[in-house]
Amino acid sequence: MKTLNFITGNKNKLAEVRAILGDVIDVQNQTVDVPEIQGSIEEIAQEKCRHAAKVVGGPVLTEDTALEFHALKGLPGPYIKSFLETLGHEGLNKMLDSFETRGAEAVCTFAFSYGPDSQPILFQGRTEGAIVRPRGAADFGWDPVFEHDGKTYAEMTKEEKNRISHRYKALVKLQQWLAEQQS
(Lines give C-alpha, C1' and ligand atoms only; values in the text may rest on other atoms or scores of the structure.)
Protein backbone atom coordinates (compact mmCIF):
# COMPACT_ATOMS: atom_id res chain seq x y z
CA MET A 1 0.00 0.00 0.00
CA LYS A 2 1.58 3.25 -1.15
CA THR A 3 -1.36 5.63 -0.64
CA LEU A 4 -3.62 6.20 2.34
CA ASN A 5 -7.03 7.86 1.91
CA PHE A 6 -7.54 9.98 5.04
CA ILE A 7 -11.17 10.95 5.52
CA THR A 8 -11.34 14.43 7.03
CA GLY A 9 -12.66 17.87 6.30
CA ASN A 10 -10.28 19.41 8.86
CA LYS A 11 -7.28 20.97 7.09
CA ASN A 12 -5.31 21.21 10.35
CA LYS A 13 -5.65 17.47 11.04
CA LEU A 14 -4.74 16.70 7.44
CA ALA A 15 -1.59 18.85 7.72
CA GLU A 16 -0.55 17.10 10.97
CA VAL A 17 -1.10 13.63 9.50
CA ARG A 18 0.86 14.52 6.36
CA ALA A 19 3.68 16.03 8.46
CA ILE A 20 3.99 12.88 10.56
CA LEU A 21 3.29 10.16 7.96
CA GLY A 22 4.45 11.90 4.78
CA ASP A 23 7.83 10.16 4.68
CA VAL A 24 6.23 6.74 4.99
CA ILE A 25 3.12 6.87 2.79
CA ASP A 26 1.34 9.26 0.44
CA VAL A 27 -1.62 10.68 2.38
CA GLN A 28 -4.53 11.56 0.12
CA ASN A 29 -7.67 13.25 1.37
CA GLN A 30 -11.37 12.82 0.85
CA THR A 31 -14.29 14.35 2.71
CA VAL A 32 -17.14 12.01 3.60
CA ASP A 33 -20.12 13.01 5.70
CA VAL A 34 -19.97 10.51 8.56
CA PRO A 35 -22.74 10.17 11.14
CA GLU A 36 -22.08 11.39 14.68
CA ILE A 37 -23.01 8.46 16.88
CA GLN A 38 -22.89 8.01 20.62
CA GLY A 39 -20.74 5.43 22.35
CA SER A 40 -17.24 4.86 23.60
CA ILE A 41 -14.25 6.39 21.83
CA GLU A 42 -13.52 3.03 20.22
CA GLU A 43 -17.12 2.37 19.12
CA ILE A 44 -17.39 5.79 17.52
CA ALA A 45 -14.05 5.40 15.71
CA GLN A 46 -14.99 1.97 14.35
CA GLU A 47 -18.42 3.09 13.15
CA LYS A 48 -17.03 6.19 11.41
CA CYS A 49 -14.47 4.03 9.64
CA ARG A 50 -17.04 1.40 8.58
CA HIS A 51 -19.30 4.11 7.16
CA ALA A 52 -16.46 5.85 5.28
CA ALA A 53 -15.24 2.53 3.81
CA LYS A 54 -18.75 1.83 2.48
CA VAL A 55 -19.04 5.29 0.92
CA VAL A 56 -15.55 5.22 -0.61
CA GLY A 57 -15.73 1.53 -1.54
CA GLY A 58 -12.13 0.92 -0.54
CA PRO A 59 -9.41 1.48 2.04
CA VAL A 60 -9.81 4.45 4.40
CA LEU A 61 -8.30 6.03 7.47
CA THR A 62 -10.51 7.99 9.85
CA GLU A 63 -9.69 9.82 13.06
CA ASP A 64 -11.61 10.71 16.16
CA THR A 65 -10.38 12.94 18.96
CA ALA A 66 -11.53 13.03 22.56
CA LEU A 67 -10.69 15.18 25.56
CA GLU A 68 -11.31 13.49 28.89
CA PHE A 69 -11.55 15.56 32.08
CA HIS A 70 -10.46 13.52 35.12
CA ALA A 71 -12.86 15.39 37.43
CA LEU A 72 -15.80 14.46 35.17
CA LYS A 73 -14.81 10.78 34.86
CA GLY A 74 -13.90 11.10 31.19
CA LEU A 75 -16.44 13.63 29.95
CA PRO A 76 -16.68 15.38 27.53
CA GLY A 77 -14.63 12.61 25.90
CA PRO A 78 -15.60 11.96 22.29
CA TYR A 79 -18.23 14.73 22.52
CA ILE A 80 -15.63 17.49 22.96
CA LYS A 81 -16.47 19.04 19.59
CA SER A 82 -20.08 19.67 20.64
CA PHE A 83 -19.06 20.87 24.11
CA LEU A 84 -16.55 23.29 22.59
CA GLU A 85 -19.03 24.62 20.02
CA THR A 86 -21.64 25.19 22.73
CA LEU A 87 -19.49 26.43 25.62
CA GLY A 88 -16.29 27.80 24.08
CA HIS A 89 -12.89 27.72 25.76
CA GLU A 90 -14.03 29.66 28.84
CA GLY A 91 -17.06 27.40 29.27
CA LEU A 92 -14.85 24.31 29.28
CA ASN A 93 -12.82 25.94 32.04
CA LYS A 94 -15.90 26.88 34.05
CA MET A 95 -16.99 23.24 34.03
CA LEU A 96 -13.95 22.47 36.19
CA ASP A 97 -13.92 25.53 38.45
CA SER A 98 -15.48 23.74 41.43
CA PHE A 99 -13.20 20.69 41.21
CA GLU A 100 -9.78 20.17 42.77
CA THR A 101 -8.27 18.65 39.63
CA ARG A 102 -8.03 20.17 36.19
CA GLY A 103 -6.24 17.07 34.88
CA ALA A 104 -7.22 15.89 31.43
CA GLU A 105 -6.18 13.39 28.82
CA ALA A 106 -6.16 14.05 25.09
CA VAL A 107 -7.04 10.92 23.12
CA CYS A 108 -6.68 10.32 19.39
CA THR A 109 -8.02 7.18 17.74
CA PHE A 110 -7.26 6.38 14.12
CA ALA A 111 -9.25 3.61 12.47
CA PHE A 112 -8.09 1.90 9.28
CA SER A 113 -10.24 -0.32 7.09
CA TYR A 114 -9.25 -2.20 3.94
CA GLY A 115 -12.76 -1.69 2.61
CA PRO A 116 -16.51 -2.10 3.15
CA ASP A 117 -16.39 -5.67 4.49
CA SER A 118 -13.28 -5.25 6.64
CA GLN A 119 -13.21 -4.83 10.42
CA PRO A 120 -11.53 -1.51 11.32
CA ILE A 121 -8.14 -1.67 13.06
CA LEU A 122 -7.60 0.93 15.80
CA PHE A 123 -4.47 2.92 16.69
CA GLN A 124 -4.79 5.06 19.80
CA GLY A 125 -2.55 7.68 21.40
CA ARG A 126 -3.00 9.49 24.71
CA THR A 127 -1.33 12.57 26.20
CA GLU A 128 -1.78 13.68 29.81
CA GLY A 129 -2.23 17.37 30.56
CA ALA A 130 -4.46 19.90 32.23
CA ILE A 131 -7.23 22.31 31.29
CA VAL A 132 -6.12 25.93 31.63
CA ARG A 133 -7.42 29.37 30.70
CA PRO A 134 -6.95 29.89 26.94
CA ARG A 135 -3.46 30.77 25.75
CA GLY A 136 -2.12 30.92 22.21
CA ALA A 137 -3.83 30.99 18.83
CA ALA A 138 -7.49 29.96 18.87
CA ASP A 139 -7.57 28.45 15.38
CA PHE A 140 -7.47 24.70 16.16
CA GLY A 141 -10.19 23.35 18.43
CA TRP A 142 -9.33 23.06 22.12
CA ASP A 143 -5.57 23.53 21.67
CA PRO A 144 -5.58 26.85 23.63
CA VAL A 145 -6.92 25.19 26.81
CA PHE A 146 -4.95 21.91 26.84
CA GLU A 147 -1.59 22.29 28.58
CA HIS A 148 1.21 19.73 28.52
CA ASP A 149 4.56 20.40 30.23
CA GLY A 150 3.85 24.10 30.80
CA LYS A 151 2.63 25.00 27.31
CA THR A 152 -0.77 24.75 25.68
CA TYR A 153 -0.89 22.95 22.36
CA ALA A 154 -1.69 26.36 20.83
CA GLU A 155 1.55 27.83 22.25
CA MET A 156 3.69 25.07 20.78
CA THR A 157 5.22 25.15 17.33
CA LYS A 158 3.78 22.57 14.95
CA GLU A 159 7.00 20.60 15.28
CA GLU A 160 6.83 20.60 19.11
CA LYS A 161 3.21 19.49 19.11
CA ASN A 162 3.85 16.84 16.46
CA ARG A 163 6.49 15.22 18.72
CA ILE A 164 4.32 14.80 21.85
CA SER A 165 0.65 14.97 20.90
CA HIS A 166 -1.99 12.30 21.24
CA ARG A 167 -2.28 12.34 17.42
CA TYR A 168 1.47 11.78 17.04
CA LYS A 169 1.40 8.81 19.44
CA ALA A 170 -1.47 7.19 17.52
CA LEU A 171 0.25 7.85 14.19
CA VAL A 172 3.49 6.22 15.41
CA LYS A 173 1.49 3.05 16.07
CA LEU A 174 -0.10 3.31 12.62
CA GLN A 175 3.35 3.91 11.07
CA GLN A 176 4.74 0.77 12.71
CA TRP A 177 1.76 -1.26 11.52
CA LEU A 178 2.11 0.08 7.96
CA ALA A 179 5.82 -0.85 7.96
CA GLU A 180 4.92 -4.40 9.06
CA GLN A 181 2.34 -4.67 6.26
CA GLN A 182 4.89 -3.64 3.64
CA SER A 183 7.55 -6.15 4.74
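Owing to the predicted nature of the structure, the values given are computational and were not obtained by experimental measurement.
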May I ask you to test the [X]-[Y] pair for a side-chain heavy-atom distance under 4.5 Å?
| X | Y | result |
| --- | --- | --- |
| Glu63 | Val17 | no |
| Phe112 | Leu178 | no |
| Phe146 | Leu92 | no |
| Phe6 | Phe110 | yes |

Next item on the list: List for me each residue that meets side chain to side chain donor-acceptor pair (under 3.5 Å) alongside Asn5, sequence neighbours excluded, and say none if there are none.
Entry: Gln30

Looking only at heavy atoms, what is the nearest atom pair of [X] and [Y], with distance?
| X | Y | value |
| --- | --- | --- |
| Ser113 | Ala53 | OG-CB, 3.8 Å |
| Gly125 | Ala170 | N-CB, 3.4 Å |
| Pro78 | Ala66 | N-CB, 3.6 Å |
| Pro116 | Gly58 | CD-N, 4.0 Å |

Hey, what do you get for [atom1] ([X]) to [atom2] ([Y]), rounding to the nearest 0.5 Å?
| X | Y | atom1 | atom2 | answer |
| --- | --- | --- | --- | --- |
| Gln46 | Ile41 | CD | CD1 | 12.0 Å |
| Glu68 | Lys73 | CD | NZ | 13.0 Å |
| Thr157 | Asn162 | OG1 | CG | 8.0 Å |
| Lys11 | Asn29 | NZ | CG | 12.5 Å |
| Leu174 | Ile25 | CG | CD1 | 8.0 Å |
| Gln176 | Leu171 | CD | CG | 11.0 Å |

Shared hydrophobic cluster, [X] / [Y] (ILVMFWY, side-chain heavy atoms < 4.5 Å):
| X | Y | answer |
| --- | --- | --- |
| Trp177 | Leu122 | no |
| Val60 | Ile37 | no |
| Phe140 | Leu67 | no |
| Tyr168 | Val27 | yes |
| Phe69 | Trp142 | yes |

Please list every donor-acceptor pair under 3.5 Å in which a side-chain atom of residues 127-136 meets a protein atom from a residue at least two apart or in another chain.
from   : atom 1 : to     : atom 2 : distance (Å)
Thr127 : OG1    : Ile164 : O      : 3.0
Thr127 : OG1    : His166 : N      : 3.0
Thr127 : OG1    : Lys169 : NZ     : 3.3
Glu128 : OE1    : His70  : NE2    : 2.9
Arg133 : NH1    : Asn93  : OD1    : 3.2
Arg133 : NH2    : Asp97  : OD1    : 3.1
Arg133 : NH2    : Asp97  : OD2    : 3.4
Arg135 : NE     : Glu155 : OE1    : 3.2
Arg135 : NE     : Glu155 : OE2    : 3.0
Arg135 : NH1    : Glu147 : OE2    : 3.2
Arg135 : NH2    : Glu147 : OE2    : 2.7
Arg135 : NH2    : Gly150 : O      : 3.4
Arg135 : NH2    : Glu155 : OE1    : 3.1

Check: Is there a side-chain contact (heavy atoms from CB on, under 4.5 Å) between Leu72 and Leu96 once you walk through the steps?
Finding: CA-CA 8 Å; Leu72 300 178; Leu96 296 175; 4.3 Å; yes

Next item on the list: Ignoring hydrogens and angles, tell me if any N or O in the side chain of His89 forms a donor-acceptor pair with the backbone of Leu84 under 3.5 Å.
Entry: no

Item checked: Exceeds 12 heavy-atom contacts within 6.0 angstrom, atom CD of Glu85 -> yes

Margin query: Quick test of your reading of the model: are Lys13 and Glu16 salt-bridged, counting only N-O distances below 4.0 Å?
Written below: no

